[in-house]
Number of protein chains: 2
Amino acid sequence: MTDRAAADGFEDWLRDRVPERGLRPKAAAVLEVLLTQPRRASFGSTVELAQLAGVNIATVTRTAQALGFAGWPALQQELRARYLSSLSAPQVAAEHHGVGSPGAASLRRDLDSLAVLNRRFDESVVATIAHAVAEARRTIVIADGSYAAVGIALAHNARLAGYDVLAVTAGDAELANAVASLDSRDVLIAISFWRLYESTVLAANEARSRGARVFAVTDAASPALAGAAEEIVLVPAEGVAFFPSLTAGMAVAQAVVAQLATVDPARTAASIEAAEAMWSKFGLLHRRPTQGT
Amino acid sequence: MTDRAAADGFEDWLRDRVPERGLRPKAAAVLEVLLTQPRRASFGSTVELAQLAGVNIATVTRTAQALGFAGWPALQQELRARYLSSLSAPQVAAEHHGVGSPGAASLRRDLDSLAVLNRRFDESVVATIAHAVAEARRTIVIADGSYAAVGIALAHNARLAGYDVLAVTAGDAELANAVASLDSRDVLIAISFWRLYESTVLAANEARSRGARVFAVTDAASPALAGAAEEIVLVPAEGVAFFPSLTAGMAVAQAVVAQLATVDPARTAASIEAAEAMWSKFGLLHRRPTQGT
DNA sequence: ACAGATCCGCAAGAGTCTTTGCATTTCTGT
DNA sequence: ACAGAAATGCAAAGACTCTTGCGGATCTGT
């Protein structure tokens, strides 16, 4: 792994504290959370960390002690210092400006796009969409071409949050069937970019005429979609290569789900819990988040 | 302490909370500490802040309330979000909208994550992966759970660029078949987050033992995957809700494809042209790139 | 200088967080 | 499969934090 050099001494530093014997399973789960969610770990209490790692709060304290600290507060203090410096220190390294690989250029472009998106962002639109989904009987997400990925992500996480959201990406036949079942209790979200697929526009108009609420996520306010959609979220999608970038669209999908998850927190919490139980039951996870049986 | 520069981000924001009447002397002293020592303010307790400002702890609470917050914890939470943002994305001055909705918070978090990713980014790793894909007979992308979306995007765009890249997300049976066909001429890219799906790890190890080149995109350097992978790309995936954020992972996928598209520009150009011709022929696009009918 | 109002510190009360002893479950080697 | 050891969850105890009522101190306008 070549992240070493440029990286946070953060991860290396933390892994170096692991005692010879290694860590027990649950302690390893806690360590994993420390590494993957340093922000929360820096601020959170033992209760929050325990929930994230799927362990008892006592295990959090014991893990901190196993890593050579007096307790959680002591570890957390070090964590803060390391994490904050990892945020600000390599600032200099970001000045690659001059030349760079296409990969690096793509990343910088995405960063810019996200900054633009953030600046133009209208919370109320996302809130409207989230509420519409929450109130709907069901939601259909149509997304063609490469944007199918964004639609799948949106639908997947929304389902995890406890709502009936289906991504339709398999082609016109499935699309036709899905739209045929829509009525005024439903919501349709069309995700599409510049060169709109014909069927997306057709589906949006058809859904609208059936009384469903229609929203669009796109990179250009096309009149065709504007006519059908109640609200439109504009995302910058310019990529460095021929391909439009999906990164900003994905960020919008995440924002919608984040908003959706707070509409009915109890419902979402129950749904997630049920999903975790299923994962455990099916043995899907490499490291189980077991709450203790 | 060089916190000065970093403070610029939220200085205006914080000053805007000051009520018409202005602040009393001691409250102003507290505010001064917040502005000049944001780091300590973000983490410290009322006791620490009171000492720094030379006031009583009660004054700290009252100052927070005078600024329009329920109390010190509420103010501190806002402070943290602003301060961390100013650390990781100082070039972005998007302080207009408040920390308000979860949707907006999600977006900002993604922006931070991307900034961190950009900083830690190692071009050579992405270049290695791109070249491996370009030289391979075929490439299999395995991605489970919500990360399937990233895998689908990567495979889709890579195919568009003219390479045989297949995303396997449909389940263990398909995964087993796909891995069974791998040999030393092939590449496998595993995309997964910390709670690795069991089958992802199995597939990666199996592919490795069959001689395929294996790469991983993940949010934690898990020993399980590290053993199988030639290179690992670490992406920050911390989201605001329960769900990990896919945005940074998507940015990496875009970067890989952007890099891949430049390995053999002629091949990619020909592939795109062919794809466009097909789209036209099938009448897929709402607005044709060539000319509208 | 005085009266009224405001500000500020003190201290108590309610709540939260962290640690640790104990019991149960899970793992390991024979 | 069994016995010992390790790990983990539960729950209580102790420490700390935040808020708020109250009284003394300071300021302002006359």
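The chains referred to below are lettered A, B, ... by the order of the sequence lines, with proteins before strands, and numbering in each begins at 1. Please read these numbers as outputs of a predicted model, since none were measured by experiment.
- Between A/Ala58 and B/Ala58, it is B/Ala58 whose nearest contact on DNA chain C lies nearer the 5' terminus.
- In this structure, CD of A/Gln51 is placed 10 Å from P of C/dC17, rounded to the nearest angstrom.
- Of the listed nucleotides (D/dT17, C/dT18, C/dC8), D/dT17 has the atom at the smallest distance from the side chain of B/Val47.
- Listed nucleotides: C/dC10, C/dG21, D/dT17. Nearest to the side chain of B/Asn56: C/dC10.
- One atom, CD of A/Glu48, and another, P of C/dT16, lie 15 Å apart when rounded to the nearest Å.
- Here the side chains of A/Leu160 and A/Val257 are not in contact, with every heavy-atom distance at 4.5 Å or above.
- The distance between atom CG of B/Leu75 and atom P of D/dT17, rounded to the nearest whole Å, is 17 Å.
- Among the atoms of the strands shown, base atoms are found under 4.0 Å from some heavy atom of A/Thr61.
- For B/Thr247 against A/Ala251, the heavy-atom pair with the smallest separation is OG1-CA, 3.5 Å.
- Nearest nucleotide to the A/Arg62 side chain, out of D/dC10, D/dG21, C/dT19: D/dC10.
- A sub-4.0 Å separation between OP1 or OP2 of D/dG9 and a side-chain N or O of A/Thr59 is present.
- Taking 4.0 Å as the cut-off between side-chain N and carboxylate O, B/Arg210 and B/Asp186 do not count as a salt-bridged pair.
- Side-chain atoms of B/Ile142 and B/Leu188, non-hydrogen and from C-beta on, do get closer than 4.5 Å to each other.
- Look at CD1 on B/Ile57: it is 9 Å from C1' on C/dA11, rounded to the nearest Å.
- Here the shortest heavy-atom pairing between A/Ala258 and B/Pro102 reads O-CB, 3.7 Å.
- For B/Val55, the listed nucleotide lying nearest its side chain is C/dG9; candidates were D/dC18, C/dT18, C/dG9.
- In this structure, the nucleotide among C/dT19, C/dC8, D/dT19 sitting nearest to the side chain of B/Gln65 is D/dT19.
- For the pair A/Leu49 CG and C/dT19 P, the computed distance is 12 Å after rounding to whole Å.
- The nearest whole Å value for the distance from the CD atom in A/Gln76 to the P atom in C/dC17 is 12 Å.
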